Structure formats: structure tokens, C-alpha cells
Amino acid sequence: MESSFKGILYPARLPSFHRLPAPASVADLVQWIWIPEWDIEPGRTSRQHLIAYPGSNLVVQPDGVVFSGPTTRAAHRDLAGRGWAVGALLRPAAVPLFTDDPASLRDTEVAVAAEDLHRSVSAVMNTYDGDTRRERAVDAFAGWLAGFAGPAVSEEALLANRLMDVIGSDASVVRVEDAASALAVSQRTLQRVARKYIGLSPAALIRRRRLQDAAERTRLDASADLAAIAAELGYADHAHLTNDFQKYLGFTPSTYRQAVAAGSGG
């Protein structure tokens, strides 16, 4: 599985956070299940900054279920009081179960009428009976989703999954034509599949992976030369890496590195 903190800009500020593998029954529909839990003293909040993975999420919260569309920029959530969430990072094949136009839900959350899902997951998470509740919440989530989706996943949907896998895992894929070549399909096919199942272009998926990788390398290795990081990740030069940071995150790699070292996240 991916690093537990990839995509999280300031992991030292996280409450309890786990990413758990998707059960085999929903392996074509879910990348993983993520579960944060928090108990923050009255009058305080904890701001969590994210470069979200370029997919959609189905999230069970104490007050309901939401479908969160693909994101185009860094985001944050302010946590307060005591709470939890159980979310599934959906694979592209699952997205048409909830919308036929994921691009229309970019940077947006919409409520989902899934009372059975909410009831079963909430019953588990509200027991506070130790760590086993997380595994039981995953099982409850997967059982509901498998029944909701039915048995059939189309070849086109599986291609969309492979597109996300190739771009997300292969650092040598730095152009759309690289992804098309790896999947033995045309660039036009990739554009169509990405539009239908993801809501972001293949180029945007590549950009997100590189930005996540750059942020993680910048955070984990304070001595790494930023120009070298840019070259390793396929940026034309240090300036292009800095421009991407500034455009999508709102700060430069150097500023981010200083904030991590200071233990601050805004």
C-alpha cells in the first residue's frame, strides 16, 4: 500500500489516522479505506492540510454519508471536539455508481442517501471497543458497497482503473502519451475514459502524482536538493516545480520545508 501519509502535508499534526486495504470483495471498486478519529480539547481545532489523491471518496460521518468529488487544489479540514470518519477512496470503476459526470463534482461534496451504510458503520464506530472496530467498520462498508454495486465491472471501467494505477505508480509516466503507450490505447481513449470515470484529465492525474511525490520528498528529506527532486520527478527545472507548488498549494517548496521543520501547518 502507499505510504500512510502521502498526500497529507503535515502528518505530525494528525489525530489517529489509518489506511486499511480494501477487502477482496470490493478490490475493483475501492483503493483503500481511511479512518481518522479525534478527540480535541474544548475551544481548540486541528487543521489538516491535504493534497488529496485524484479520485472521489465515499465518506461515512456521524451525521450522514457524502460523496466527495475529485479535487483540483490543496484543501484543509478543521477538526474539533470528538469524532470520526470512515471513507473509501473509490477506484474509477465505482464512480458511475454515484454520478455520471464526476467533473461536475470537482471540489464538491454531496449528500448520499445510504441509510443502511450509515447505520451499520456508525454502530461499529460508536462502540469504542478497541482497534477491532476499524476492521469491522471496513467489513461493514465493503459489504454494503458490494451489494450496492452488483457483480459486473465492465472492461471499460477496468481500463479506467488501470489508467489510475499506471499514472499513480509509474514515475516514468510524465506525459499522456506515456500512459497511452503503457496501456496500449490511444490518447483519445484515455481522455474519454478519464472524463467518464474520474472527472480529471490524464494530464491532471500526472500532475497530482508528481506534486504529491515532490511534497513527500521535500518533507521527508530536509537535505535533498530541490532541483534534484524536480529532475527526478520529470519537471523541466526547479522553477517549474516551484510554480506547481505555488499554483496548487499556495506556497513554495522552501516555505513548505520550513513550515514542516517548525512543526506548523497554518
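Atoms considered below: every heavy atom in the structure, side chains included; atoms not considered: hydrogens, waters and symmetry mates. Computed from a predicted structure; not experimentally measured.
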Under a 3.5 Å distance rule, please check whether [X] uses its side chain to pair with a backbone N or O of [Y] as donor and acceptor.
X    : Y    : value
T189 : V185 : no
N57  : S68  : no
R210 : G234 : yes
R219 : Y256 : no
H238 : A231 : no
N126 : A123 : no
T108 : R106 : yes
S122 : R119 : no
S181 : E177 : no

Contact check, side chains of [X] and [Y], non-hydrogen atoms, under 4.5 Å:
X    : Y    : value
T242 : P253 : yes
V59  : E109 : no
P102 : I198 : no
T71  : R208 : yes
F148 : F98  : yes
P70  : P54  : no
E37  : M125 : yes
W32  : L20  : no

Nearest-0.5 Å distance, [atom1] of residue [X] to [atom2] of residue [Y]:
X    : Y    : atom1 : atom2 : value
F141 : I33  : CZ    : CD1   : 5.0 Å
I206 : S201 : CD1   : OG    : 8.5 Å
T218 : Q258 : OG1   : CD    : 12.0 Å

Strictly below 4.0 Å, N to O, side chains only: are [X] and [Y] in salt-bridge contact?
X    : Y    : value
K196 : E156 : yes
R91  : D165 : yes
D139 : R136 : no

Look at the side-chain heavy atoms of Ile, Leu, Val, Met, Phe, Trp and Tyr, link any pair under 4.5 Å apart, and say whether [X] and [Y] land in one connected group.
X    : Y    : value
V26  : L90  : yes
I229 : V174 : no
L205 : Y248 : no
L58  : W84  : yes
F245 : L233 : yes

Open item on the list: With side-chain contact (heavy atoms from CB on, under 4.5 Å) as the test, pick out the partner of Q246 among L241, T255, T252.
Closed with: T252
Heavy-atom closest pair, residues [X] and [Y]:
X    : Y    : result
A114 : V65  : O-CG2, 4.0 Å
V166 : A182 : CG1-CB, 4.0 Å
Q191 : P202 : OE1-CD, 3.2 Å
V153 : A93  : CG1-CB, 3.9 Å

Open item on the list: With ring pair (Phe, Tyr, Trp, His ring centres under 6.0 Å) as the rule and sequence neighbours excluded, what pairs involving residues 166-225 come up?
Closed with: none
- [ ] Scan for side chain to side chain donor-acceptor pair (under 3.5 Å) pairs involving residues 225-237, sequence neighbours excluded, and state none if there are none.
- [x] R217-E232, Y235-D244, D237-H240
Open item on the list: I'd like to know whether CG of D63 has more than 12 heavy-atom contacts from other residues, nucleotides or ligands below 6.0 angstrom.
Closed with: yes
Task: Flag for D170-S172: side-chain donor and acceptor within less than 3.5 Å - done: yes
TODO: May I ask you to check whether W34 and Y53 place their ring centres under 6.0 Å from each other?
DONE: no
